[in-house]
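Notes follow once the structure below has been shown.
Convention: sequence-line order gives letters A, B, ...; per-chain numbering from 1. Quick caveat, the model's predicted, so the values are computed rather than measured.
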Number of protein chains: 2
Amino acid sequence: MSRVSATFPADVFGEPDFLPEPLPEPATQSIRLEAVFGALSEPLRLTIIQRLLLESESFDHTCGWFGFDRPKSSLTHHFKALRAAGLIRQRQYGLERRSRVRTDDLNARFPGLLELVVAWTP
Amino acid sequence: MSRVSATFPADVFGEPDFLPEPLPEPATQSIRLEAVFGALSEPLRLTIIQRLLLESESFDHTCGWFGFDRPKSSLTHHFKALRAAGLIRQRQYGLERRSRVRTDDLNARFPGLLELVVAWTP
DNA sequence: ATATTTGTTCGAGTTTTATCGTACTGATGG
DNA sequence: CCATCAGTACGATAAAACTCGAACAAATAT
């Protein structure tokens, strides 16, 4: 893999200068509280958001990074639910699809929400 | 109706000296964040909690007070869901079952949560 | 080119949740 | 006693959500 590839992994060399466009997601203003609550009512999804908040360093993570023992199609389902509700932003880096929490958007729209997720004990 | 009846309505003369026992509800420590999120992911239930927070004066409210145009059995279902998740406390006053938000419990356990509900715009 | 890797899409089965009519209960008032 | 009133319980139907296998797609590595 080339050091200058447009798709090299963000967790090896840090964030690339030019990020791929995010996958389709709701605009900040149209994130709905009830949809956010629905997305976070599923323990696996709550875990995803919490771990992204607590263990993310300066880069985004693939869904494989979490190490969940679930079929890939189940993970796709949950990540899509999180993105549709406005909780995560996803970008495609070559093969990988990396996710980060939309922290700024969520803090602006629902202050205090992410603190609750961080404090959650499974 | 007697002024000293054990079951007179709390919204006419204020809170009685001896409250009826609350209906079965989860203990404060066992209220689960994911269950709370699930309960609040339903717009009607979100409305119930918001209105109890915003429009409740010093007394609890019956489910009829909200004026929802839904069958009674549907309302029973949603109020039971809110109580099971630990969001409301319900007491029986004669015929009526009155609800209040478990504000202290929820603020202690999930600080900031109720503010999000208050700020919600349907 | 071919295999490997990461993740998607489709579709089916299962479980949960919502909706709501009907019948019922228990307290109150005449 | 009998009617009324607030709300429950039951049960059926319908809609949503979760789970997951199988087949597929696209980028990468050799």
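At D:dA9, none of the side-chain N or O atoms of B:Lys72 fall inside 4.0 Å of OP1 or OP2 (strictly under the cut-off). Contact check, A:Arg97 against C:dT6: no side-chain N or O comes under 4.0 Å of OP1 or OP2. OP1 or OP2 of C:dT19 sits under 4.0 Å from a side-chain N or O of B:His78. Regarding contacts with the backbone of D:dG7, every side-chain N or O of B:Arg98 stays at 4.0 angstrom or more from both OP1 and OP2.
Residue B:Leu95 has its side chain nearest to C:dG26 when only D:dT19, C:dG26, C:dC20 are considered. Which of D:dT19, C:dC10, C:dT19 sits closest to the side chain of A:Glu42 comes down to D:dT19. Looking at the side chain of B:Pro71, the nearest of the listed nucleotides D:dG7, D:dC18, C:dG21 is C:dG21. Listed nucleotides D:dC10, C:dG7, C:dT19 differ in distance to A:Thr62; the shortest reach to its side chain belongs to C:dG7.
Rounded to an integer number of Å, the gap from CG of A:Leu75 to C1' of C:dT8 is 12 Å. Between the CG atom of B:Leu46 and the C1' atom of C:dT17 there is a distance of 17 Å, given to the nearest Å. Residue B:His77 contributes atom NE2, which lies 12 Å from atom C1' of D:dA15 at whole-angstrom precision. Atom CG in B:Leu82 sits roughly 14 Å away from atom C1' in C:dA18 (whole-Å rounding). Distance CZ (A:Phe79) to C1' (C:dT6): 12 Å, rounded to an integer number of Å. Atoms CD (B:Glu96) and P (D:dT8) sit 12 Å apart, rounded to a whole Å. Nucleotide C:dG7 holds its P atom 13 Å from the CZ atom of A:Phe68, rounded to whole Å. The CD1 atom of B:Ile48 sits 12 Å away from the P atom of D:dG7 (whole-angstrom rounding).
Judged by the 6.0 Å distance and 45° axis criteria, A:Arg98 is not positioned over the aromatic ring of A:Trp65.
Contact of the A:Phe110 side chain with the B:Glu115 side chain is not registered, since no non-hydrogen atoms from C-beta on lie closer than 4.5 Å. Contact check for B:Val117 versus B:Leu46: side-chain heavy atoms found under the 4.5 Å cut-off.
Taking the six-membered ring wherever Trp is involved, the centroid distance between the rings of A:Phe79 and A:Phe66 falls below 6.0 Å.
You won't find any donor-acceptor pair under 3.5 Å spanning the side chain of A:Thr76 and the base of C:dG7, going by distance alone.
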A:Arg97 vs A:Leu23, side-chain contact (heavy atoms from CB on, under 4.5 Å): CA-CA, chis, key distance, verdict: CA-CA 9 Å; A:Arg97 181 166 291 193; A:Leu23 304 194; 3.1 Å; yes
